[in-house]
Every structure is written in C-alpha cells, then in structure tokens.
Amino acid sequence: MIDLRLAREHPDLVKASQRARGADESRVDELLATDAARREAVKRADDLRAEQKAASQAVKKATPEERPAVLDRAKALAAQVKQAEEALRAADSALRDAHLRIPNVVAGDVPPGGEDDAVTMRTVGEVPQYDFPVRDHLEIGEALGAIDMERGAKVAGARFYFLTGPGALLEFALAQLAISRAVAAGFTPVVAPALVRPEAMEGTGFLGEHDEEVYRVERDGLYLVGTSEVALAGMRAGEVLDLSAGPLRYAGWSSCFRREAGSYGKDTRGIIRVHWFDKVEMFSFCAPAEAAAEHLRLLAWEEEFLQALELPYRVVDIAAGDLGTSAARKYDIEAWFPSQSTYRELTSTSDCTTFQARRLGIRYRDADGRNQTAATLNGTLCAVARTIACLLEVHQRADGSVSVPKALRPWLGGAEALTPGMDLAGAVPPA
RNA sequence: GGAGGCUUCGCCUAGUCCGGUCUAUGGCGCCGCACUGCUAAUGCGGUUUGGGUUAAUCCCCAUCCCGGGUUCAAAUCCCGGAGCCUCCGCCA
C-alpha cells in the first residue's frame with residue numbers, strides 16, 4: 001500500500017509513477033475519491049456514536065416515568081449508528097480496494113519503459129571461451145549423476161527434479177557458503193516456513209496480480225511461498241522494531257514454490273525454471289531514508305557472492321514497467337549461460353520502501369519516539385537450482401568434469417572438480 | 001484427532017461469575033516537575049495504539065487476542081476463529 005498522505009498531498013507524483021509503470025493513472029483519482037468518502041463516513045458514524053453513547057447513559061439515570069421515552073430515543077439512535085457503521089464499512093472497503101490497486105511509487109531515477117528497457121549498469125567477468133563443444137547444464141548434470149529430471153517428473157511431474165550425488169552435495173555446499181557469508185556480513189540466519197497464512201502472502205503483495213503463480217493449500221487455508229521474502233516479512237508483522245542500531249538483516253533459507261503459469265514452453269529443459277527450488281534470501285528492515293543505500297548494499301553482497309563462484313555476470317536496473325507490485329526499484333543480476341550464449345537472471349533485489357511494511361503493520365520508533373512505517377528490502381543471495389545450472393555450464397571442462405570454484409571447495413571436502421563416477425566421500429566437509 | 005485452561009493500555013496484574021459507577025485497578029519500567037550541595041530516596045503529574053478534526057491545542061470515535069451476535073448499553077453474555085499452555089491419542 002502506498003502512503004495515503006503522499007497521494008493526498010502530491011497526487012501528481014503518484015500519477016507520474018502510474019504512467020511510468022504503464023498503469024492506469026485514473027486509479028489515483030479513484031483513491032482520492034474513496035478516501036474523501038471514507039472520511040465523511042467516519043465523521044458521520046463517530047458523531048452518531050457519541051450521541052448514542054450519551055443517550056445510553058441517560059437511560060440509566062432516567063426516572064421510571066422518563067424511561068420509556070429515553071429508551072425509545074436510545075433505540076432510534078442505535079439503529080442510526082448501525083446504519084452509519086454499515087456505510088462506513090462499505091466506504092472502508094472501497095478505499096482499501098482502491099488503495100490495493102495502486103502499486104508502489106517508483107523511485108525517481110528508475111529507467112522508463114518495459115521488459116526490454118532494463119539498463120545494464122555494469123558487466124563483470126570475462127565471457128568464457130571453450131575449445132570444445134559446449135554442453136548445457138542438464139547434459140553435464142546427467143553425466144555427473146547430479147540431476148535427474150526424468151525421475152523428478154515421475155514422482156512430482158514436469159519441472160520437478162532430483163538432485164543426486166554431486167548435485168545434492170552442491171546444494172548443501174552453496175547453502176553453507178551463502179549462509180556463512182551472510183552471517184559474516186552480520187545477517188541473522190533464519191530457517192523459514194515455506195507454508196504461510198494468507199495475511200503474509202497478501203502483505204507482501206503476492207496475491208494481487210501474481211495470484212496465478214501461487215500454490216494454494218485449500219484444505220488448510222495456507223499458501224506455499226514463492227520466496228522466503230514472504231515468511232521473513234511476515235515474521236515481524238505488526239511489530240514496532242528497534243532500528244536504532246541500523247537495519248535489521250535476516251538471511252532466510254527455505255524452499256520456494258512457483259506454479260509457472262503462463263510459462264509453457266519456456267525453459268522446459270533442465271532446472272532453470274522449476275516448480276520448486278531452495279533459496280537463501282536476504283531481507284532487511286530499515287528506516288525509509290536509508291532504504292536506497294541499503295538496496296545498494298544488498299546488491300553488493302549479491303555481486304560478491306557471484307564473484308566468489310567465479311561466474312561472469314551483468315547488473316541491470318529494471319525499468320519502471322517491469323517492476324513488481326511492491327518494488328520501487330529493482331536490480332537483477334544476470335549470469336552468463338554458455339549453452340544459451342546469453343545472460344540469465346540469477347538474483348534480484350528489490351527496494352519495497354514502505355509499501356509492504358504499511359500493509360503488514362511493521363513500524364519502528366524514530367529519533368523523536370514516534371512510530372513510523374519501516375522500509376523493507378529483499379535480495380536473492382543464492383537461488384540454488386538455477387545457480388547450480390549456471391555453475392555446471394560455466395565451469396564445465398572438455399572431459400565432462402566441472403571445476404569447483406575455490407570458495408566452494410571447503411564445503412565439498414576440498415574437491416577441485418566434480419567428475420563422473422567420482423568418490424563422493426571425498427567431496428564432503430570433514431565429518 | 002480429543003479434553004481442559006489461558007490471552008487486559010511496554011512488562012506483571014485487578015476486573016469477567018452477577019452488563020451501566022471501566023473515562024480499565026495496582027506494581028514495575030519510562031518521561032517531566034518539585035524537594036535536595038550532587039546522587040539516592042521521597043512527593044506530584046504524565047505514560048496503549050489507531051482514526052477523525054485542527055494552524056496547533058482542545059475535543060470526538062474506536063481499541064481489553066481477532067471477527068460476528070444479543071442489548072438502549074459488552075473487557076463482562078452468546079457464536080465462530082487465532083495463538084499459548086497442560087493432558088490423552090497418533091506420529092518423524
């Protein structure tokens with residue numbers, strides 16, 4: 001939810017944001033109209049309630065002779081209050097609807113345009129050259145005994161997979177590396193629920209336009225999260241945070257589930273686009289004034305992680321029309337996939353400013369002791385499946401083995417490469 | 001899955017049986033003031049969170065886990081839900 005006060009005082013700003021997103025500008029006027037109508041309804045209901053309260057007190061004090069008349073008046077007022085409250089409820093929900101229909105106000109310097117208008121900020125690392133026919137991650141993974149799509153489909157359907165042998169070890173190694181680096185950077189590590197209540201889902205903005213993407217567990221009224229962001233944001237919902245020592249940072253580990261509706265035919269091969277994967281997600285609560293700087297810090301941690309994995313990548317600044325509902329600004333990191341000769345999204349970090357926190361009731365006490373809405377930010381540290389895909393491709397060698405980047409070796413028993421038929425006992429940290 | 005208990009303004013707590021005096025008690029903590037060479041102690045006052053209104057104050061409304069209901073009137077009565085705790089069953 002955007003800041004209502006901003007909409008009242010600077011409707012032009014919000015309208016400009018809507019235009020930049022390619023969204024409907026008239027929604028701002030709808031918001032203001034419903035806001036005015038609600039305030040009117042509030043006043044009417046409050047005034048009537050005050051009157052009725054007084055009338056109700058009078059009933060008690062009335063003499064037996066006065067009583068019937070006083071009681072009649074109280075009853076009449078009660079009926080009016082009931083009506084006014086119904087009108088208020090309607091006005092409230094009209095405002096809420098209009099409010100929810102407006103996505104976050106985009107940051108001022110976000111590139112204009114849509115999906116194809118992301119601006120490349122920098123490209124890091126050399127695009128690798130191979131003097132042998134490049135294989136894609138699935139071919140490599142199958143040869144290694146690391147990925148089993150066929151049996152994944154047998155057990156769970158399309159876009160499911162097994163990570164086996166070195167693939168499974170790679171997942172744990174990546175998890176360890178990601179969590180270790182996050183903790184070293186001051187994050188609190190968290191293992192988060194993957195199944196959440198609707199409020200958490202709604203609060204993070206995933207039940208709006210992305211409703212189709214979400215798995216619902218009908219029987220229990222719960223949802224499978226598409227990212228740990230949902231659980232991490234929900235974790236502090238309704239709380240007043242102490243941000244006096246700076247941002248509150250969590251590194252969450254959880255499985256993520258996505259229906260991938262509307263992506264038929266896209267990335268059908270391998271584990272680049274799957275219904276389920278595990279992820280280490282960074283999440284930060286901070287004062288709104290600090291959000292933009294914090295955003296760059298999250299981006300820097302993402303970059304350092306990819307550098308540690310020795311993966312070439314580029315950083316792109318996502319254009320206004322391609323931002324999610326909650327994001328005021330978003331940077332993606334796209335890593336090089338040799339089999340596709342292109343950069344593909346590996347991580348993504350969003351500054352949601354106060355948009356999520358307002359809906360989730362997450363506040364902090366400012367220097368004057370006033371409660372203010374906090375800002376929330378999130379960023380992928382490591383989406384495991386896709387990272388494995390990228391690692392296998394970039395670090396592949398002519399003989400079908402895959403070299404292990406140095407940073408990952410401690411978590412793989414020092415192994416310098418993954419090779420078909422390798423002895424797995426040599427690829428685990430000391431027991 | 002079954003049975004029972006609990007949830008009150010930062011924390012603890014009174015009030016709930018029997019509806020109005022609850023504009024919610026007291027303690028702790030916190031803030032201000034007074035007293036005092038200083039500190040401590042003491043005294044006095046303040047201290048939930050939202051919304052409406054306002055230049056600001058005042059004021060008004062809501063808020064006793066959440067949502068409904070009964071009633072002129074609900075912390076209090078009724079129904080539904082959530083969370084916590086205990087016990088039984090089951091389970092990794």
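Chain naming here is simple, since letters A, B, ... match the order of the sequence lines and numbering starts at 1 in each.
The partner of B:rU25 cannot be assigned: no Watson-Crick or G-U wobble pair with both contacts below 3.5 Å exists in any strand. Across all strands shown, B:rC84 forms a Watson-Crick or G-U wobble pair with B:rG5, both key distances being under 3.5 Å. The base-pairing partner of B:rG32, taking Watson-Crick or G-U wobble contacts with both distances under 3.5 Å, is B:rC44. Across every strand in view, B:rG89 sits unpaired, with no contact that passes the Watson-Crick or G-U test at under 3.5 angstrom. Summarising the base pairing, B:rU63 is matched to no nucleotide, lacking a Watson-Crick or G-U wobble pair whose two defining distances lie under 3.5 Å. Base pairing of B:rC72 is made with B:rG20, judged by Watson-Crick or G-U wobble geometry with both donor-acceptor distances under 3.5 Å. Under the Watson-Crick and G-U wobble criteria, each requiring two contacts below 3.5 Å, nucleotide B:rA55 is left unpaired.
Residue A:Arg67 has its side chain nearest to B:rC72 when only B:rC72, B:rG51, B:rG50 are considered. Ranking B:rG83, B:rC72, B:rG20 by closeness to the A:Leu71 side chain, first place goes to B:rC72. Distance from the side chain of A:Lys43 is smallest for B:rG52 among the nucleotides B:rA73, B:rG52, B:rG83. The side chain of A:Arg49 approaches B:rC61 more closely than any other nucleotide in the set B:rG83, B:rC61, B:rU49. Closest to the side chain of A:Ser56, from the set B:rC72, B:rA82, B:rG50, is B:rC72. Set against B:rG20, B:rC61, B:rA73, the side chain of A:Asp46 has B:rC61 as its closest nucleotide.
B:rG89 and B:rA82: their C1' atoms are spaced 24 Å apart (whole Å). B:rU39 and B:rG51 have their P atoms separated by 39 Å, with the value rounded to a whole Å. Only the P atoms considered, B:rC59 is 31 Å distant from B:rC72, to the nearest whole Å. The P atoms of B:rU49 and B:rA24 are separated by 15 Å, rounded to the nearest whole Å. The separation of B:rC84 from B:rC31, taken at their C1' atoms, amounts to 33 Å, rounded to a whole angstrom. Using C1' as the reference atom, B:rG37 and B:rU54 are 47 Å apart when rounded to the nearest Å. Taking atom C1' in both B:rC28 and B:rC38, one finds a spacing of 26 Å when rounded to whole Å. One P atom belongs to B:rU16, the other to B:rC65, and the distance between them is 15 Å to the nearest Å.
For B:rG52, its base never sits under 3.5 Å from the side chain of A:Asp47 at any donor and acceptor pair.
Residues A:Asp35 and A:Arg39 are paired through a salt bridge, judged by an N-O separation under 4.0 Å between the basic side chain and the carboxylate. Salt bridge A:Arg49/A:Asp46: present, at least one basic N to carboxylate O contact under 4.0 Å.
Spacing between atom CG of A:Asp92 and atom C1' of B:rA62 amounts to 12 Å, rounded to whole angstrom units. When the P atom of B:rA62 is taken as reference, atom CG of A:Leu48 falls 12 Å away, rounded to whole Å. Look at CD on A:Glu85: it is 9 Å from P on B:rG69, rounded to the nearest Å. Rounded to whole angstrom, the span from the CD atom of A:Gln52 across to the C1' atom of B:rC60 amounts to 15 Å. Between the P atom of B:rG51 and the CG atom of A:Leu4 lies a distance of 10 Å, rounded to the nearest Å. Rounded to a whole Å, the CD atom of A:Gln372 is 14 Å from the C1' atom of B:rG50. One interatomic measurement links the two molecules: CZ of A:Arg365 to P of B:rC30, which rounds to 15 Å at whole-angstrom precision. Across the protein-nucleic acid pair, A:Arg8 atom CZ and B:rU53 atom C1' stand 12 Å apart, rounded to whole Å.
Aromatic pair A:Phe283/A:Phe285: centroids less than 6.0 angstrom apart. Aromatic pair A:His295/A:Tyr331: ring centres closer than 6.0 Å.
Residue A:Arg38 has a polar side-chain atom (N or O) positioned under 4.0 Å from OP1 or OP2 of B:rG52. At least one side-chain nitrogen or oxygen of A:Lys75 sits closer than 4.0 Å to the OP1 or OP2 atom of B:rC72. Here A:Arg39 does not reach the OP1 or OP2 of B:rU54: none of its side-chain N or O atoms lies under 4.0 Å away.
Taking the six-membered ring where the residue is Trp, A:Phe160 and A:His275 present tilted rings, their angle falling between 30° and 60°.
Within 4.0 Å (heavy atoms only), A:Val42 reaches sugar-phosphate atoms of the nucleic acid but no base atom. Residue A:Arg73 is out of contact with every strand shown, counting any heavy-atom pair closer than 4.0 Å.
Between A:Glu260 and the choices A:Glu212, A:Lys266, A:Arg159, the side-chain contact (heavy atoms from CB on, under 4.5 Å) rule is met once, by A:Arg159.
Mapping A:Ala50 and A:Arg363 onto RNA chain B by nearest heavy atom places A:Arg363 closer to the 5' end of the strand. Residues A:Gln57 and A:Lys53 each lie close to RNA chain B; by heavy-atom proximity, the contact nearer the 5' end of the strand is made by A:Gln57.
Side-chain contact between A:Leu174 and A:Leu391 is present, with at least one heavy-atom pair separated by less than 4.5 Å. Put simply, the side chain of A:Thr376 does not reach to within 4.5 Å of the side chain of A:Leu360, judged on heavy atoms.
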